[in-house]
Structures are given as C-alpha cells and as structure tokens.
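Residue numbering restarts at 1 for every chain, and letters A, B, ... go by the order of the sequence lines.
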Protein chains: 2
Amino acid sequence: MAATIKDIAKLAGVSPGTVSRVLANKVGFFSEHTGEKVRAAAAELGYQKNTAAAELVTQQSNVVAAIVNSTKTNFASPIIEGIQAEAHRHDLNVIILYAGDDDSEQQRRALTTVIERPVRSILLLSVDLAAENLTLLQNSRIPFCFLSISFDEIQVPYITSDDWQVGYQATQTLLKLGHQNIGLAGVDSDFHTGRQRVAGYRQAMQEAGITVQPEWIQLGNYSYTAGQAAMRAYGANSGLTAIIGASDMAAVGVLNTARSLGYRVPTDLSILAIDGTEICELVQPALSSISQNFYEMGVAGVQQLCAPGELPQKITPIKLVERDSLQRNG
Amino acid sequence: MAATIKDIAKLAGVSPGTVSRVLANKVGFFSEHTGEKVRAAAAELGYQKNTAAAELVTQQSNVVAAIVNSTKTNFASPIIEGIQAEAHRHDLNVIILYAGDDDSEQQRRALTTVIERPVRSILLLSVDLAAENLTLLQNSRIPFCFLSISFDEIQVPYITSDDWQVGYQATQTLLKLGHQNIGLAGVDSDFHTGRQRVAGYRQAMQEAGITVQPEWIQLGNYSYTAGQAAMRAYGANSGLTAIIGASDMAAVGVLNTARSLGYRVPTDLSILAIDGTEICELVQPALSSISQNFYEMGVAGVQQLCAPGELPQKITPIKLVERDSLQRNG
DNA sequence: CTGAAAGCGCTTACAG
DNA sequence: CTGAAAGCGCTTACAG
C-alpha cells in the first residue's frame with residue numbers, strides 16, 4: 001500500500017490537514033518547524049500524492065486530453081509538440097488518446113475514457129466525430145476544441161488552416177509557373193475540409209480561364225494509397241503537367257506512381273504537396289508544399305481553452321515552401 | 001454541475017447504493033423494476049460516471065499508460081496499435097504520454113502525471129529513463145515494462161528484438177550477397193541496444209574473415225541527420241559497397257546523401273535498413289530491411305503486464321524483408 | 001499556526 | 001432485494 005497523508009501525519013505527529021497544507025505549500029499556514037517535520041516524514045515514506053483524490057475534492061484538474069485520429073497522414077506529431085509546449089507554460093499535463101480510423105466505436109471509447117475522469121479540456125486532432133459521439137462530448141460540459149479540421153453544418157470551436165486558401169494558393173502557385181492542366185489528387189470531398197480545398201482550386205482555375213476536366217479531380221482519403229490510385233487513374237498520358245497532392249502522403253503516392261509510369265519529376269510533371277511535414281524532405285526530389293503551421297495549431301488550441309470567451313474559430317497561417325518538385329511549364 | 005449518483009437516487013426514489021448496484025449491473029442485487037427506474041433516471045439526467053471516484057474506493061484502475069519517446073525515429077505507431085488492440089481485448093483503456101527527447105525533466109513530468117493517479121500499469125516505448133526517474137518509477141510500485149529497448153546493467157522487464165541478431169543478420173544478408181566492405185551508419189553505442197547491434201555486426205564480419213575498418217562504423221542517434229552525417233563521413237570514395245542503416249530514418253539519410261555524392265543505389269551501393277516501418281516503402285528505391293515486429297511488442301507488453309509471473313524479458317522475432325535497395329556484389 | 005470535521009462521488013460489506 | 005453507514009485519499013472553511 002502506498003503511503004498516504006495520514007501515514008505522514010502519524011509519523012510527523014501532526015494532523016492530516018496540516019500535512020496537506022505543507023505539501024501544497026500554503027505559505028503562512030504552517031510554521032517552519034512543522035514544515036520540516038512533515039517534509040522529512042513524506043520523504044522517508046516515499047510519499048506520492050494521489051492526485052485523483054485531490055481532484056475529486058477540488059473539482060478541477062490540470063490535465064488536457066488530446067484525442068488523435070490514427071490517421072494515414074502524419075501531421076499529428078507537430079500539433080502534439082505545440083500542445084505540449086504551450087501546456088507546459090500553463091503548468092498543464094497532457095495525455096493523448098487514439099481514436100482509431102474513423103471508427104465510431106473506438107472514438108466512443110477514447111471519449112468516455114476521458115469524460116469519465118476529471119480532465120480540464122479536450123483537443124481533437126482531425127477527428128471527425130460520429131454524431132452520437134459529438135453529443136456525448138457536448139453533454140460532458142468539458143471545454144473542447146477541434147484542431148486541423150473544420151465544419152460548416154455544425155457550430156463547434158475549431159482551429160485550422162483556411163482550406164479554401166490552401167486549395168487556391170496551391171493552384172495559383174502552379175498557374176504562375178505556366179501550368180494549365182493541373183490535377184488535384186486524393187482529396188476527400190465528403191468533409192468540409194476537402195470541399196473547401198476543391199472550391200479554392202476551382203476558383204483559381206476559373207479565374208485563369210481554364211476549364212477543369214472532371215477527371216483532373218481524383219477523390220480519396222489523403223493517404224499514400226489514395227495518391228497512388230489517383231496517379232494510376234491519370235495514367236501515362238494524362239496531359240497533366242502538374243499535380244497537387246491533397247496531403248504529403250498523397251503527394252508521395254503520386255510521385256512514386258508517376259515515376260513508375262515513366263514521368264520524370266519535375267521535368268515532365270510538377271508535384272505540389274499540401275501539409276509540408278518532414279516527409280517532403282525525405283523523398284527525392286524533395287516535395288515543394290503549401291505548408292500548414294501544425295505546431296501553431298497545437299499552441300493555439302491550448303491557449304483557446306485557457307482563455308474562454310475567445311472566438312471559437314481560428315485560422316492559422318499557411319505558406320509556400322519551395323523544394324525540388326516544381327518546374328516552369330513551357 | 002454534472003449529475004451524480006445521488007441525483008439519480010433522488011429522481012428514482014432509491015438509495016445511492018442501489019443506484020451504484022444497477023449501474024454496475026450487479027445481477028441479482030436489484031429487481032427488474034428498480035433497474036428500469038434507475039436507468040431511466042440516469043438517462044434523463046445525462047449521467048456520466050465519475051470513474052476517478054470509483055477508482056479511489058476500489059483501489060484499482062483499468063487504464064494502462066504508454067510513455068513514448070518523441071523520437072526522431074518512427075516506430076512508435078505500430079507499437080501503440082499493438083498496445084491498443086491487446087488492451088481492448090482485456091477491456092483496458094490506454095493513455096499515451098510524451099516524454100520528450102531524452103529530456104529527464106520531461107520524463108519526470110510524464111512519469112509523475114501517471115504515477116499520481118491510479119493507472120494499472122506503465123509501458124515505456126524506447127525511453128531510456130534517467131536514473132532518478134527509474135527510481136521514481138520503481139518506488140511507485142506500479143507494474144511496468146520497457147518496450148523496444150534493452151538493458152544490461154539494470155534488471156528491469158523489457159520486450160524487444162534480439163539486437164545482437166539484428167546486427168548479425170543484417171550483416172550476414174549483405175555478406176551472402178558478396179559484399180565485404182560494409183558500413184554501419186547512425187548507431188548509438190552509448191546504450192545497450194546499439195552496442196548489441198555493433199557486436200552482432202562485428203561477429204558476422206569476423207566469421208567472414210573481414211577486418212572492420214574503424215571508419216566503417218559511424219555512430220549517431222538513429223536519426224535522418226545521423227544517416228546523412230555518416231554518409232558524408234564515408235564520402236564519395238568510401239570503398240564501401242553496402243551500408244546498414246541503424247534505423248529506417250538513418251538509412252534514408254544515407255540513401256539521399258549517397259545519391260548527392262553520385263552513388264547509384266543499388267547499382268553502386270546497397271543499403272539495408274533496420275526497423276522496416278512504412279518509410280521504407282515511401283522512398284525510391286524502396287529500402288530492404290531487417291524488420292522488427294513492433295506491433296507484436298505492443299501486444300506482448302500488455303499481455304506481460306496482465307499476466308504477472310511471466311518472465312520479465314522477452315524477445316520478439318525479426319525478419320528480412322527484401323525490397324529494392326540490395327544488389328549482389330561482383 | 002493547527003486540529004477536527006465535513007465532504008468530493010463512488011462502492012461494498014453489513015443488516016434486515 | 002434494499003438502505004444506512006463507513007471509507008477511499010485528499011482539501012478547506014471553521015474555530016480556536
């Protein structure tokens with residue numbers, strides 16, 4: 001049995017209340033002498049506080065939970081790093097839970113694990129909650145915020161990039177290089193994020209006076225496999241001179257498949273990735289990207305939940321990072 | 001304020017004890033009629049159990065904590081998937097904590113976050129604990145097990161691959177292809193894992209009657225950067241015909257740098273990675289690897305902690321996976 | 001400065 | 001089958 005506050009009290013010859021006060025360092029509430037006795041006793045017993053018990057009485061907690069989609073893309077790490085760093089500044093601890101891959105049962109398990117204990121707030125990293133799970137979350141009355149995902153139908157707090165701009169700027173980048181026949185590969189139009197990217201793409205193309213051929217937009221779930229499938233659909237004689245990968249992983253799928261189809265990248269085909277995680281620098285040629293600021297999303301998420309009353313929907317900046325996968329057309 | 005068991009009791013016109021019994025579904029301890037009343041009341045109030053309170057009285061918990069090194073390598077995901085799957089089978093919930101990058105202060109924070117609440121057991125994924133933190137962990141009396149890391153000096157439970165065999169088999173694979181001048185890149189000899197891999201490498205080389213040149217072994221921390229640095233140290237005229245990357249990331253670093261130095265892979269230089277995570281399939285040529293069974297490590301980790309009395313040190317199997325980065329020499 | 005007491009939300013012998 | 005009571009480990013007004 002681990003030592004409790006009572007054991008310390010007995011050993012130090014004081015009351016449990018006093019032990020609690022010195023261990024919580026309530027200055028002015030105990031004498032120097034008592035403080036020393038208690039601390040010595042605690043050390044001797046190897047005392048470890050039972051924080052769960054303390055949280056029960058104070059009705060508050062300093063842990064924030066991050067629920068992540070065990071996604072086929074890979075931007076969770078920088079978001080989590082941002083969360084950790086900012087949480088540290090606020091003296092908060094963070095625990096991470098996996099919610100599976102759009103598996104509503106796994107989502108529910110992660111959610112209840114977290115709701116059934118005192119957590120201060122919940123961050124959801126690009127997890128698209130099933131309706132009943134969203135209800136569960138909202139009923140819990142625990143403050144929450146979605147990260148790296150956006151919504152239109154439902155009114156919930158989220159922080160992410162401006163996905164319309166992501167699509168628009170990606171397309172503009174390629175247009176400025178003289179490309180006209182531009183593909184968009186692996187994007188998921190079932191959700192708001194993907195629809196926005198497609199809309200930005202279409203707008204840029206329209207402004208350039210280019211008619212988008214239906215087959216130029218290849219839907220998918222942002223995965224490597226989706227990128228491969230898209231490129232296979234485009235084929236060896238696609239007529240495309242540039243392709244936007246809907247995510248880094250999709251872009252790598254496009255890259256590898258394009259190669260096997262005989263394309264030289266970027267000589268025959270330019271590829272622009274969306275996300276800008278480290279994977280862009282691992283492949284050759286290194287992929288240029290419209291990079292999101294994932295770290296900042298994590299930071300902003302924690303800040304938002306620490307400063308209630310802020311506006312519930314926030315945009316983090318994006319930027320073009322040029323590497324080696326783009327080339328002027330003509 | 002969230003609804004409690006007392007609120008339900010009042011609404012259903014029974015005692016809190018009874019509510020507890022029906023919600024815990026202690027069959028035989030309540031009548032059908034009472035059961036229905038209570039469940040209806042709970043539903044009406046949107047009751048969410050306070051599991052922390054329950055854990056306080058029962059003195060047990062069903063959450064297992066996984067502490068992960070936010071490492072520059074990338075095998076944590078499959079281990080965590082294994083943990084999740086097996087935990088699910090035992091009806092356990094898992095929370096994940098980041099312990100930073102060999103940062104003893106961050107380790108301590110993650111550890112205390114977990115020790116200060118009721119967790120059933122702790123899994124540590126390739127985190128090399130600072131001495132004082134190991135003491136902290138051991139004093140907590142919470143069952144724990146290290147994963148994907150091994151030790152010689154200290155006696156603790158761990159589950160990992162046989163690192164000596166990893167080094168030995170990697171080297172053998174290359175020797176069988178006729179290579180003699182074989183480099184080992186990015187390995188960390190400060191720890192047992194790395195020392196074992198080096199020892200296996202040396203043994204295989206010795207059995208083949210080859211004298212290992214000191215510069216063939218390039219130390220590092222298994223990162224992409226370490227791989228780059230190693231390859232730069234080998235240089236354009238290394239005389240090596242094959243290189244073992246101490247990790248996937250190190251191997252990719254070797255690959256990209258070798259290319260920029262003018263090597264064709266695998267024509268001029270064969271590369272064999274250690275780990276076998278998905279990154280091997282993302283680069284071109286796809287990297288052959290000595291693959292570890294990370295998923296199985298996760299599974300075995302929770303099994304081990306669910307079945308005390310098992311032997312505390314376990315080995316998971318490795319295997320050669322051939323992809324496109326190896327070629328016969330001569 | 002310190003102790004006694006109440007209470008956080010739950011569970012579980014103990015009676016009946 | 002059900003209630004009253006004690007208790008898990010802690011915190012915090014309230015007295016003194």
What does [X] touch in the nucleic acid at a heavy-atom separation under 4.0 angstrom: a base, only the sugar-phosphate, or nothing?
X	answer
B:Thr34	sugar-phosphate
B:Ser20	base
B:Phe30	sugar-phosphate

Checklist line | Nearest non-hydrogen partners of A:Ala76 and A:Leu125, listed with the distance | finding: O-CD1, 4.2 Å
Notebook entry, point to check: Is there a side-chain contact between B:Thr193 and B:Thr160, using heavy atoms and a 4.5 Å cut-off?
Noted result: no
Notebook entry, point to check: Nearest to the side chain of B:Arg21 - D:dC1, D:dC10, C:dA13?
Noted result: C:dA13
Strictly below 4.0 Å: does [X] bring a side-chain N or O up to OP1 or OP2 of [N]?
X	N	value
A:Ser31	C:dT2	yes
A:Lys26	C:dC1	no
B:Thr18	D:dG3	yes
B:Gln59	D:dG9	yes

Donor-acceptor side-chain pairing of [X] and [Y] below 3.5 angstrom:
X	Y	answer
A:Glu86	A:His90	yes
B:Gln292	B:Ser161	yes
A:Asn221	A:Ser223	yes

Notebook entry, point to check: Between D:dG7 atom P and A:Leu56 atom CG, what is the distance in whole Å?
Noted result: 17 Å
Margin query: What is the distance, to the nearest angstrom, from the NZ atom on A:Lys10 to the P atom on D:dC10?
Written below: 13 Å
Checklist line | Residue closer to the 5' end of DNA chain D, A:Lys6 versus A:Lys49 (nearest nucleotide) | finding: A:Lys6
Check: Can you give the dot-bracket line for DNA chain D, where a pair is Watson-Crick or G-U wobble with both atom distances under 3.5 Å, crossing pairs use [ ], and | marks a partner on another strand?
Finding: |||.||||||||.|||
Next item on the list: State the CZ-CG distance between B:Phe30 and B:Leu23, to the nearest 0.5 angstrom.
Entry: 9.0 Å
